Amino acid sequence: MYRFVTDKLDDNEGGRSRTVITNYRGIVKFEVNWDQSVSGQVPTTGWVDVNPLNDEVSAQRALVDGDRLRVWVRATDSVGNIKVDNTSIVIDGSPPSLSTFNSTAHEIQLNVADGEFKHSSRYSVISVKIFINYWTLNFAYFVSKTIDDF
């Protein structure tokens, strides 16, 4: 099997040839745009080339509590296909709201017999944080009485 294309078989018509194209994983151009509006429309101006060609970019923005920032990325491959994607960030420094011990949403069930662990307890709360999705909630439990106190 012959691995190389001989010069006489090279296609010299059009803009493509066998010459090396600078690319990063098939992408020849990355552009980024930072938009502080709430619009979900793809920006028509303000695109900045990521140079040198890379899949990372960092920038500093002056943001305060309540600000929104949408980061747009535009990628172009070697044949001119373009894909645009975005993600949005909301700056929120306020604490979450948890149901209180006296509310109906706050419940402790002792000695629950269903599930993998017999006679385990279940602790239910409602946690609310507007505009933010939680990945984890951590709780610390402390026993204030020993078995001899019961």
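Treat the numbers as computed from the prediction; the structure is a model and nothing was measured.
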S.K.: Tell me the closest heavy-atom pair linking W47 and V73, and the distance in Å.
M.R.: CZ3-C, 4.0 Å
S.K.: Shortest non-hydrogen contact from I91 to D65?
M.R.: O-OD1, 3.3 Å
S.K.: Tell me, do V71 and V32 make a side-chain contact under 4.5 Å, heavy atoms counted?
M.R.: yes
S.K.: If you define the side chain from C-beta out and look only at heavy atoms, does anything of F30 sit under 4.5 Å from N54?
M.R.: no
S.K.: Work out which heavy atom in S78 is nearest to a heavy atom in I21; give both atom names and the distance.
M.R.: CB-CD1, 4.1 Å
S.K.: If you look at every heavy atom in I82 and T76, which pair is closest and at what distance?
M.R.: CG1-OG1, 3.7 Å
S.K.: Looking at every non-hydrogen atom in both residues, tell me the closest pair between A59 and W34 and how far apart they are.
M.R.: CB-CZ2, 3.6 Å
S.K.: When rounded to the nearest 0.5 angstrom, what distance separates CD1 in I89 from CZ in R61?
M.R.: 10.5 Å
S.K.: For the CG atom of N51 and the NZ atom of K29, what is their distance to the nearest 0.5 Å?
M.R.: 10.5 Å
S.K.: For the side-chain contact (heavy atoms from CB on, under 4.5 Å) test, which of N33, N86, V84 pairs with V42?
M.R.: V84
S.K.: Is L53 linked to W72 within one hydrophobic cluster, defined over Ile, Leu, Val, Met, Phe, Trp and Tyr using a side-chain heavy-atom separation of less than 4.5 Å?
M.R.: no
S.K.: In Å, rounded to the nearest 0.5 Å, how long is the span from CD1 of I27 to CZ of R74?
M.R.: 13.0 Å
S.K.: Report yes if some heavy atom in the side chain of D35 is under 4.5 Å from a heavy atom in the side chain of Q41; otherwise report no.
M.R.: no
S.K.: Kindly indicate whether the side chain of V50, heavy atoms from C-beta on, has any atom under 4.5 Å from the side chain of Y24.
M.R.: no
S.K.: With a 4.5 Å heavy-atom cut-off, do Q36 and D67 have their side chains touching?
M.R.: yes
